[in-house]
Chemist: 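The structure is given below, and queries will be raised subsequently.
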2 protein chains.
Amino acid sequence: MPESYRQELQSLKLFSGMEKDNFDALMRGAYVQNFPPRIDLISEGDAPDFLHVVLAGSVDLYCSWNGRETSMATVRPVSTFILAASVQNAPYLMSARTLEKSRIVLLPSEDVRTIFDRDGAFARAIVGELAQCYRSVVKNTKDLKLRTSLERLANYLLRQSGSTGAPSFELKMEKRRLASFLGMTPENLSRAFRGLEPYGVTVTGSRIEITDANDLTDFAKPSRLIDDYAS
Amino acid sequence: MPESYRQELQSLKLFSGMEKDNFDALMRGAYVQNFPPRIDLISEGDAPDFLHVVLAGSVDLYCSWNGRETSMATVRPVSTFILAASVQNAPYLMSARTLEKSRIVLLPSEDVRTIFDRDGAFARAIVGELAQCYRSVVKNTKDLKLRTSLERLANYLLRQSGSTGAPSFELKMEKRRLASFLGMTPENLSRAFRGLEPYGVTVTGSRIEITDANDLTDFAKPSRLIDDYAS
DNA sequence: GGGTTCGCTTGATAATTGTCAAGCAATCAG
DNA sequence: CTGATTGCTTGACAATTATCAAGCGAACCC
């Protein structure tokens, strides 16, 4: 495992507080792998053999049932995924596939659990990570249950625009995946975009322009307790 | 704080591994309170002053936005709620109210964080608890995004019936709350119950009878990765 | 007992969302 | 360049879900 990757990992809050010996032990079993786009990394139901860390590229977490499929989240560098399954030694609840060319670190889950048992700082860091993941999913549930698809899209656009600060920006994912993430069909997303035109949203391909942020905000009614990703 | 309650708390997996001194310290700031039904305990957005433990009764966790409201979960004895907010010192994402007469222990969040910082066993227990909560919410999201309301109801009934093993059982909550929990209106729940009649479901007040479990299972297609509360 | 409240149900109707089929424009391989 | 593929859009239609209004029956209060 090259030193540069080691440093990237150590810069993660999840690993930064660990004792050096424990971090070394964890790295001993780790390996890095490069994947092409659209490669399945894990399937829901599998045993959690590895904790994954995305160093470069991006990964789609998705779920299937009865022939249907839905996108749950996108993982971008540098962060981990399926931490909960790894520490619980329980089957993955989600599948994962690369969206683009990606570099991923694989840490044997057994090592993670062993070191988690003897390194208090690591355990505390995991608590922080899990609590944040938990709160994200709760927010997502609120979004789904309390809002219509038009409202979900409006708030999504405001979040994206808010994080860049610009009134114009590029969608970070394919529209079909955005539709799935927001819990609707691609056809419906198309219509939803047009439904937001009266509130000052213009769509040109994957470029979004919000001409009247106040108008859109009045409609979307974003909430710190649903849309604030920071906490 | 009476000794009997202390013991109930100590029997919780969350506290059972702690060092005695730390447990004592945590208990020093704790107090028990009895609440009548329908009392608001916390409101989403509030600062997380206390970690709550339900000793008796039951508590509804719910969320509101823009005049709408939805039920997220029911907490039954003996378990905690809003652990994530407490350890993160972040605002509650959900409100809570008693459903019936309830006895609740309040542990100052600050004490929880302090002791979490110095007791590794406690930190590890919190990891287990959070990971389980996280996985529950993910399952709930899958249920919402991948299934129709009829399918959600069918699987809910199978889960309830499965946990008792009997073909006949009482609903554990008001139908209107069940509707909200399942993400539909009360009117729709009524119709959904009738929609399950062809699959061998009979409803009499709050008593449910599943006359043909195989038939219902064929329709509901329950999945370990959505409906299994144990893991 | 008689009236009131409350939760549930039902019917009629409307809004939302999904499905199917077709078409269009950009991309890509040969 | 040309044909094929792919993702997106649109229209027509169907299914699902919500809303509104009314009614029913059990529980509760006076």
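The chains referred to below are lettered A, B, ... by the order of the sequence lines, with proteins before strands, and numbering in each begins at 1.
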Chemist: All N/O contacts under 3.5 Å from nucleotides 12-16 of chain C to the protein, with atom names and distances to one decimal?
Modeler:
residue	atom	partner	partner atom	Å
C:dA12	N6	B:R191	NH2	3.4

Chemist: Take atom NZ of B:K145 and atom C1' of C:dG18, then tell me their distance rounded to the nearest Å.
Modeler: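 Result: 15 Å.
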Chemist: Expressed in angstrom and rounded to an integer, what is the separation of A:L182 atom CG from C:dT17 atom P?
Modeler: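 Rounding to the nearest Å, CG of A:L182 and P of C:dT17 are 12 Å apart.
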Chemist: Quick one: does NZ or CZ of B:K139 land under 6.0 Å from the six-membered ring centre of B:Y134, within 45 degrees of the ring axis?
Modeler: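 No; the conditions do not both hold, so B:K139 does not lie above the ring face of B:Y134.
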Chemist: Please give, in whole Å, the distance from C:dT19 P to A:E187 CD?
Modeler: 8 Å
Chemist: Let me confirm one number: the CG-OG distance from B:L107 to B:S109, rounded to the nearest 0.5 Å.
Modeler: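 Nearest 0.5 Å value for the CG-OG distance: 8.5 Å.
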Chemist: So, B:Y5 and B:R103: side-chain donor and acceptor under 3.5 Å apart, yes or no?
Modeler: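 A donor-acceptor contact under 3.5 Å links the two side chains.
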Chemist: CG of A:L150 versus P of C:dG18: gap in Å, rounded?
Modeler: 13 Å
Chemist: I would like to know whether B:E44 and A:R135 meet salt bridge (charged side-chain N to carboxylate O under 4.0 Å, His left out); could you show each step before the answer?
Modeler: CA-CA 12 Å; B:E44 55 181 313; A:R135 288 170 63 88; over 6 Å; no
Chemist: CG of B:N188 versus P of C:dG11: gap in Å, rounded?
Modeler: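 Interatomic distance, CG of B:N188 to P of C:dG11: 15 Å.
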Chemist: For atom CD of A:Q88, decide whether the heavy atoms of other residues, nucleotides or ligands shown that lie under 6.0 angstrom number more than 12.
Modeler: yes
Chemist: At their closest point, which heavy atom of A:L146 faces which heavy atom of B:S64, and how far apart are they?
Modeler: CD1-C, 3.9 Å
Chemist: Take B:S168 and B:R207 through the side-chain hydrogen bond (donor to acceptor under 3.5 Å, both in side chains) test and state the conclusion after the steps.
Modeler: CA-CA 7 Å; B:S168 168; B:R207 170 151 293 271; 2.3 Å; yes
Chemist: To the nearest Å, how far apart are B:M184 CE and C:dT9 P?
Modeler: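 Interatomic distance, CE of B:M184 to P of C:dT9: 12 Å.
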Chemist: What is the distance from CZ of B:R177 to C1' of C:dC8, rounded to the nearest Å?
Modeler: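 After rounding, the reported distance stands at 16 Å.
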Chemist: For A:G183 and for B:R194, locate the closest nucleotide of DNA chain C by heavy-atom distance; then report the residue assigned to the nucleotide nearer the 5' terminus.
Modeler: B:R194
Chemist: Quick one: do the B:S71 and B:S180 side chains pair a donor with an acceptor below 3.5 Å?
Modeler: no
Chemist: For B:S43 and B:S95, work out which heavy atoms get closest and say how close.
Modeler: CA-OG, 3.5 Å
Chemist: First and last nucleotide of DNA chain D in contact with chain B, 5' to 3', at under 4.0 Å to a heavy atom: what are they?
Modeler: D:dT17 to D:dC20
